[in-house]
Amino acid sequence: MKILVVGSGGREHALAWKLAQSERVQTIFVAPGNGGTATDARLKNIAISDPAALADFAEQEHIALTVVGPEVPLAAGIVNIFRARGLKIFGPTKEAAQLESSKDFAKSFMQRHHIPTAEYQTFADLQAAHAYIDAKGAPIVIKADGLAAGKGVVVAMDLHEAHAAVDMMLSDNKLGDAGARVVIEEFLAGEEASFIVMVDGKHILPLATSQDHKRLLDQDAGPNTGGMGAYSPAPIVTPQLHARVMREIIVPTVQGMAKDGIVFTGFLYAGLMIDDHGNPKTLEFNCRMGDPETQPIMARLKTDLVQVMEHAVNGTLDSVELEWDRRTAMGVVMAAAGYPDAPRKGDVISGIPPETADSVTFHAGTSLNDKTLHSSGGRVLCVVGLGDTVKLAQKHAYDVVEKIHFDGAQYRRDIGWRALNRKH
Ligand code: AMP
Ligand code: GLY
């Protein structure tokens, strides 16, 4: 069987790596892929990105199943295009992807269906936005309505920062159409966790929990990034909290979409803020897997992912029971010099050791030129370590990180600190 994975990041490398472990797979195409997918003999990169051209390719190659990694092709309607041509694909339609592609859509959806989230209002008018900020006070959070590649959220700790964020989006148009409307919402304090499930339109299959590290520097300092590391499971998500998130957030979301006439299929990712009393609220929805959360999650998945995906596209996820490695998986991102503002490209990467039973390195912004690996993006690699304890998983990850070299590499030394500090 041939499978197509759409995307080029660490998330897609991890998905392709896991799918390739299935005995039923002949070839996995990755479009466009990266230096890691280029070096794995079971995977084949193809330089196509246009959704209609990808559908042509899937038809010609008799691709049994397509899995989409990033949000941009989903928001552009790749699932609608594939389905219209009778091609099997796992992901949300363009309509369903609005849960991620429009913050205003997501917020009004949550309000309508009583899904816990921060209080908010949406503005296109500059003066009204400024007035709302003055009325509410700081800290306060300003979000561009549309997709902004991780640059659309400003958590303003003072009024000056809040007003400047609104000016940047509504007046200076720094984010283009994505920032033509802004959601201004209440600041929520607490600890974040990533709660990701698979949905087949009807049934919901939760994946293992995880926790990301959004800030660039140790101790959660520095600018926001796409994510500097993640581990799974996230101990903050106790079985009780898990049940509550399913009951209060995930199930009402899938049912609410159906009530609104939109059948949700694909990965559904709720970014949670959990307060000191253990109450969860939804910070955001993504309609795809997280990056880097996918890397540790896939490292722990024991079940054949091809089989799971088949159930997902056939509407039979209720018959799947996932089996997980009981160990902790810890993913440490190695990013390029200058990330996140202006990542440098073209640095030679050396020293990546082969995969072992307790570590694997996924590529993100890498490319293979003349048999040499070069950096080609902001987040370059994600090294995953596995261990019976959080500490051991961390050690296995950092042992590998220290063997890898590229000029200007940036990585956090403290991935996993929340789990390590937890008292059980
Ligand atoms: P988002 O893209 O909506 O997940 O926002 C990016 C990051 O901004 C989140 O992971 C949080 O760290 C932070 N954030 C978003 N919304 C809020 C909020 N209402 N209160 C506090 N922090 C937030
Ligand atoms: N790691 C956060 C995200 O994928 O959105």
Side-chain angles (χ1 to χ4, degrees), residues 7 9-12 14-15 68-72 74-75 97 99-107 110 116-121 133 136 138-157 161-162 165 169 175 178-179 182-196 207 209-216 220-232 234 267-275 279-298 331-333 335 340 362 364 378-379 382 412 415 418:
R11 166 183 49 211
E12 290 75 25
L15 287 168
V68 187
E71 63 276 18
V72 171
L74 294 167
L99 271 184
E100 175 168 5
S101 65
S102 167
K103 301 261 187 209
D104 175 55
F105 178 94
K107 295 297 289 190
M110 284 190 268
T117 189
E119 185 198 316
Y120 84 106
Q121 265 191 42
I133 289 170
K136 291 287 171 184
I140 192 160
V141 182
I142 322 294
K143 299 184 174 185
D145 174 51
L147 293 179
K151 296 191 169 62
V153 176
V154 176
V155 180
M157 297 317 287
E161 215 184 331
M169 293 179 199
L175 302 176
V182 297
V183 163
I184 304 185
E185 72 177 28
E186 169 199 4
F187 172 84
L188 298 176
E191 184 172 334
E192 288 180 59
S194 305
F195 199 103
I196 307 173
L207 301 182
T209 58
S210 56
Q211 199 168 44
D212 190 8
H213 299 62
K214 299 250 183 203
R215 301 291 183 135
L216 181 69
D220 289 338
N224 254 322
T225 70
M228 292 301 290
Y231 56 90
S232 172
F267 292 105
L268 178 65
Y269 165 153
L272 305 176
M273 185 67 90
I274 300 148
D275 73 14
N279 300 309
K281 283 192 177 164
T282 314
L283 284 180
E284 63 159 351
F285 286 119
N286 295 317
C287 57
R288 52 168 175 83
M289 284 214 66
D291 189 338
E293 291 94 326
T294 306
Q295 292 86 317
I297 291 175
M298 285 301 125
V332 177
V333 168
F362 295 114
R379 291 185 291 175
C382 178
R412 281 179 59 158
I415 299 301
R418 284 185 191 276

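Whatever order the structure lists ligands and atoms in, that order sets their numbers, starting from 1. Keep in mind that what you see is a predicted model, and the values were worked out from it rather than measured.
E192 places a side-chain heavy atom less than 4.5 Å from the side chain of L283. Taking 4.5 Å as the limit, every side-chain heavy atom of I184 sits out of range of all side-chain heavy atoms of Y120. Between M228 and P292, every side-chain heavy-atom pair lies at or beyond the 4.5 Å cut-off.
Residue contacts with ligand 2: D212 is placed with a nitrogen or oxygen under 3.5 Å of a nitrogen or oxygen of the ligand (distance criterion only).
The closest approach between any non-hydrogen atom of R11 and ligand 2 is not below 4.0 Å. Residue contacts with ligand 2 include G226, since one or more of its heavy atoms lies under 4.0 Å from the ligand. Residue contacts with ligand 2 leave out G227, since none of its heavy atoms falls under 4.0 Å from the ligand. The closest approach between any non-hydrogen atom of P292 and ligand 2 is below 4.0 Å.
Using modelled atom types and a 3.5 Å distance limit, the side chains of Y231 and S210 yield no donor-acceptor pair.
Atom numbering of ligand 2 starts at 1 in the shown order; those under 4.0 Å from a heavy atom of N286 are 5 (O). Near Y269, the atoms of ligand 2 lying under 4.0 angstrom from a non-hydrogen atom of the residue are 2 (C), 3 (C). Those atoms of ligand 2 with a heavy atom of G290 less than 4.0 angstrom away are 4 (O). Ligand-side atoms of ligand 2 in range of K214: 2 (C), range being under 4.0 angstrom from any heavy atom.
Between M157 and A138, the shortest heavy-atom distance links the atoms O-CB, 3.6 Å. Closest non-hydrogen pair, E100 versus R288, comes out as OE2-NE, 2.9 Å.
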*Between K107 and T117, is a side chain to side chain donor-acceptor pair (under 3.5 Å) present by the stated rule, with each step listed?*
CA-CA 8 Å; K107 295 297 289 190; T117 189; 2.9 Å; yes

*Worked verdict on D145 versus S102 for side chain to side chain donor-acceptor pair (under 3.5 Å)*: CA-CA 5 Å; D145 174 51; S102 167; 2.8 Å; yes

Write 'none' if nothing qualifies; otherwise put on separate lines each N/O atom of ligand 1 with a protein N/O atom under 3.5 Å away and their distance to 0.1 Å.
{"unit_1": "ligand 1", "atom_1": "2 (O)", "unit_2": "K103", "atom_2": "NZ", "d": "3.4"}
{"unit_1": "ligand 1", "atom_1": "2 (O)", "unit_2": "E284", "atom_2": "OE1", "d": "3.2"}
{"unit_1": "ligand 1", "atom_1": "3 (O)", "unit_2": "K103", "atom_2": "NZ", "d": "3.1"}
{"unit_1": "ligand 1", "atom_1": "3 (O)", "unit_2": "K143", "atom_2": "NZ", "d": "3.1"}
{"unit_1": "ligand 1", "atom_1": "4 (O)", "unit_2": "E284", "atom_2": "OE1", "d": "3.2"}
{"unit_1": "ligand 1", "atom_1": "4 (O)", "unit_2": "E284", "atom_2": "OE2", "d": "2.8"}
{"unit_1": "ligand 1", "atom_1": "10 (O)", "unit_2": "E192", "atom_2": "OE1", "d": "2.6"}
{"unit_1": "ligand 1", "atom_1": "12 (O)", "unit_2": "E192", "atom_2": "OE1", "d": "3.4"}
{"unit_1": "ligand 1", "atom_1": "12 (O)", "unit_2": "E192", "atom_2": "OE2", "d": "2.4"}
{"unit_1": "ligand 1", "atom_1": "16 (N)", "unit_2": "K143", "atom_2": "NZ", "d": "3.0"}
{"unit_1": "ligand 1", "atom_1": "16 (N)", "unit_2": "E185", "atom_2": "OE2", "d": "3.4"}
{"unit_1": "ligand 1", "atom_1": "19 (N)", "unit_2": "E185", "atom_2": "OE2", "d": "2.7"}
{"unit_1": "ligand 1", "atom_1": "19 (N)", "unit_2": "E186", "atom_2": "O", "d": "2.9"}
{"unit_1": "ligand 1", "atom_1": "20 (N)", "unit_2": "L188", "atom_2": "N", "d": "2.8"}

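Here R418 pairs with D220 in a salt bridge; the nearest charged N to carboxylate O distance falls below 4.0 Å. Of the charged side-chain nitrogens involved, none lies within less than 4.0 Å of a carboxylate oxygen, so that E186 and K136 do not count as a salt-bridged pair.
Under the ring pair (Phe, Tyr, Trp, His ring centres under 6.0 Å) criterion, F267 pairs with F90, not counting sequence neighbours.
Ranking the protein heavy atoms by distance from atom 5 (O) of ligand 2 puts R288 NH2, 2.9 Å first.
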